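Note sheet for the following structure.
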Amino acid sequence: MNFRNIISAALSAAVIFSCAAEAQEKSPTIVARAAKKAKEGADTKVGNINIVSSTKPGVYTYQKDADTTPEVNIEKNFSIFYALTPAELVEALRLYAAEDFEAARKALHTSRKHLTNWRGLPEGPYLRAYRAEVQCAVRQLDFAGAVAVVNDFPEDVNKILTAQDKATANAVKLLYAATKEGSISPDKITENINTIVSKQGKAVTPSVYGWLYFAQGAAYQAAIPADQISSHNISEEHKLNASKAIDAYCIAGISSHGAEMQIPVEALKRAQLLLWSMPGVQKEVKDFGHPTPQKFKKASQNFQDAVSLAYMLINVYGVEADASSPIAQAAKLFQNTKVGKK
């Protein structure tokens with residue numbers, strides 16, 4: 001594995017959201033604006049509707065008068081449908097955008113429960129809250145929490161989930177399976193990844209692709225005795241699993257690199273730790289002495305990658321590392337190691 005090489009390497013009823021002005025009750029009435037399909041020779045009429053609920057995909061009930069709530073199919077009756085986002089959800093999404101994930105998760109969970117009568121509205125506020133709550137948990141590296149949200153999605157409206165939603169849910173389940181105690185084998189994780197990628201294709205976003213390979217890396221890492229990693233002394237017997245884990249983590253880091261940096265940074269931190277613990281690397285560290293370009297050029301690839309990646313994590317990704325940590329120790333060895341071009 002060469003880290004440096006890897007690094008270089010709607011609806012006919014379209015739903016659009018905006019902010020609602022008033023605070024919402026626990027079971028909010030969603031304010032919507034709809035364009036009713038015109039009859040032949042007539043103009044399309046746009047008007048406000050007070051919607052009561054949408055518990056079936058594509059269908060909602062609205063308040064016609066004080067005593068009546070007719071059930072209407074969106075596609076059959078409307079050409080455009082705009083739903084205003086409840087203020088409670090707006091605030092939860094604001095917390096998520098500010099990366100206050102702990103507060104955002106609580107607010108999103110509360111909002112999602114208050115919006116349960118809207119679970120059938122495609123691209124509606126319930127689905128927005130659900131997606132953001134899953135993302136919050138993953139970005140906190142709480143894969144068990146993310147799975148709990150995925151498993152809580154109502155079965156009666158599964159059909160409103162998009163292909164991307166399904167790919168995300170599958171990736172979350174693999175993240176949890178690969179990182180929990182007694183995790184499943186790397187071969188099983190790889191088999192699941194191949195199935196997801198082949199069946200869901202373009203629905204697997206770069207970010208979700210990164211999650212899948214983080215799961216693969218975690219599965220290979222789990223196959224290595226934990227004490228060998230903590231003592232920075234991986235045996236020859238487990239060298240192959242370590243190499244496969246490093247490769248998978250690097251793919252995860254690059255694929256999911258972007259605005260959501262928690263998974264990429266964690267992946268690269270794990271890769272650096274494994275590189276630092278590979279057979280023979282600690283002897284090289286002990287013998288290295290004062291860093292020079294000549295010494296660095298002669299070092300093993302694992303040593304070079306461990307040192308280069310540690311330097312990147314601190315100086316490019318802004319990772320804070322204790323002086324005794326493998327990241328800080330390795331980063332120190334990067335000084336004066338740049339080999340000039342011949």
Side-chain angles (χ1 to χ4, degrees), residues 92-93 95-96 99-116 119 126-155 157-158 161 164-193 195-197 200 203-205 207-226 229-230 241 245 248-249 251-253 255-256 259-271 273-274 319:
L93 293 171
L95 290 168
Y96 171 69
E99 299 196 351
D100 187 352
F101 298 127
E102 192 62 35
R105 278 179 73 177
K106 291 177 182 177
L108 287 163
H109 184 78
T110 299
S111 182
R112 184 165 62 87
K113 292 304 180 183
H114 291 172
L115 290 163
T116 189
R119 63 189 181 275
Y126 182 94
L127 195 54
R128 277 193 94 186
Y130 160 78
R131 288 169 177 161
E133 192 178 349
V134 172
Q135 289 281 345
C136 271
V138 172
R139 293 179 69 177
Q140 287 186 297
L141 306 179
D142 179 8
F143 305 135
V147 165
V149 180
V150 166
N151 290 340
D152 194 40
F153 192 83
E155 292 185 8
V157 290
N158 268 338
L161 290 173
Q164 285 190 5
D165 291 326
K166 293 173 183 177
T168 297
N170 286 331
V172 164
K173 290 175 182 178
L174 282 192
L175 282 170
Y176 176 61
T179 54
K180 69 178 181 179
E181 187 175 350
S183 59
I184 61 178
S185 71
D187 288 343
K188 189 67 176 175
I189 291 285
T190 301
E191 180 184 329
N192 276 282
I193 290 173
T195 299
I196 292 168
V197 172
Q200 297 181 306
V204 180
T205 64
S207 178
V208 169
Y209 192 79
W211 297 4
L212 294 173
Y213 276 88
F214 186 99
Q216 187 185 65
Y220 279 117
Q221 181 176 341
I224 306 167
I229 300 174
S230 62
N241 279 336
Y249 282 140
I251 292 171
S255 297
S256 52
E260 301 173 6
M261 292 304 296
Q262 290 75 19
I263 284 283
V265 169
E266 179 64 19
L268 296 183
K269 284 168 64 176
R270 290 183 176 215
L273 176 61
L274 292 171
V319 171

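These figures come from a predicted structure and were not determined experimentally.
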Subject >> Backbone N/O of Ala107 and side chain of Ser111: donor-acceptor pair under 3.5 Å >> reply: no
**OP:** Taking the side chain as every heavy atom from C-beta outward, state whether Lys173 and Phe143 have any pair of such atoms under 4.5 Å apart.
**Re:** no
**OP:** Grab the two heavy atoms, one from Ala137 and one from Gly145, that are nearest each other, plus how far apart they are.
**Re:** CB-C, 4.0 Å
Original post:
Any side-chain heavy atom of Ile251 within less than 4.5 Å of one from Tyr209?
Top reply: yes
Original post:
Is a side-chain donor or acceptor of Tyr249 paired with a backbone partner of Ala218 at a separation under 3.5 angstrom?
Top reply: yes
Original post:
How many angstroms lie between NZ in Lys166 and CD in Gln200, if you round to the nearest 0.5 Å?
Top reply: 8.0 Å
Subject >> Qualifying residue for side chain to side chain donor-acceptor pair (under 3.5 Å) with Glu133, from Arg105, Arg112, Lys106 >> reply: Arg112
**OP:** Could you give me the CA-CA distance, side-chain angles and deciding distance for Leu127 and Asp165, then say whether side chain to side chain contact (heavy atoms under 4.5 Å, CB included) is met?
**Re:** CA-CA 10 Å; Leu127 195 54; Asp165 291 326; 4.2 Å; yes
Original post:
Taking all non-hydrogen atoms of both residues, which atom of Ala252 and which atom of Ala267 are closest, and how far apart?
Top reply: CB-CB, 4.1 Å
Original post:
Any side-chain heavy-atom pair from Leu174 and Ile196 closer than 4.5 angstrom?
Top reply: yes
Subject >> Test item: Glu99 and Arg139 side chains (from C-beta on) under 4.5 Å apart, heavy atoms >> reply: yes
Subject >> Atom pair CG (Asp100) and CD (Glu102), whose distance is rounded to the nearest 0.5 Å >> reply: 8.5 Å
Original post:
Val134 versus Phe153: any side-chain heavy-atom pair under 4.5 Å?
Top reply: no
Subject >> Heavy-atom pair of closest approach, residues Val204 and Ala167 >> reply: CG2-CB, 4.2 Å
Subject >> Heavy-atom pair of closest approach, residues Ala245 and Tyr220 >> reply: CB-CB, 3.7 Å
Original post:
Is there side-chain contact between Lys113 and Thr110, with heavy atoms separated by less than 4.5 Å?
Top reply: no
Subject >> Minimal non-hydrogen separation, Gln262 against Leu141, with atom names >> reply: O-CD2, 4.3 Å
Original post:
For Thr116, does its backbone N or O pair with a side-chain atom of Arg119 as donor and acceptor, under 3.5 Å?
Top reply: yes
Subject >> Gap separating the OG atom of Ser256 from the OH atom of Tyr213, nearest 0.5 angstrom >> reply: 13.0 Å
Subject >> Minimum-distance pair of heavy atoms, taken over all atoms of Ala178 and Ala215 >> reply: CB-O, 3.1 Å
Original post:
Less than 4.5 Å apart, any side-chain heavy atom of Thr195 and any of Asn170?
Top reply: no
**OP:** Please determine, by modelled atom types, if Thr190 and Gln216 share a side-chain donor-acceptor pair under 3.5 angstrom.
**Re:** yes
Original post:
Rounded to the nearest 0.5 Å, how far does CG of Leu268 lie from CG of Leu273?
Top reply: 12.5 Å
Original post:
Would you find more than 12 non-hydrogen atoms of other residues, nucleotides or ligands less than 6.0 Å from Tyr176 atom OH?
Top reply: no
Subject >> Of Asp152, Val150, Leu115, Leu108, the residue whose pairing with Tyr130 passes side-chain contact (heavy atoms from CB on, under 4.5 Å) >> reply: Val150
Original post:
Are Ile224 and Leu274 close enough, and set up right, to give a side chain to side chain contact (heavy atoms under 4.5 Å, CB included), and what steps lead you there?
Top reply: CA-CA 10 Å; Ile224 306 167; Leu274 292 171; 4.2 Å; yes
Original post:
Trp211 versus Ser255: any side-chain heavy-atom pair under 4.5 Å?
Top reply: no
Original post:
From Leu212 CG over to Ile189 CD1, what is the distance, rounded to the nearest 0.5 angstrom?
Top reply: 9.5 Å
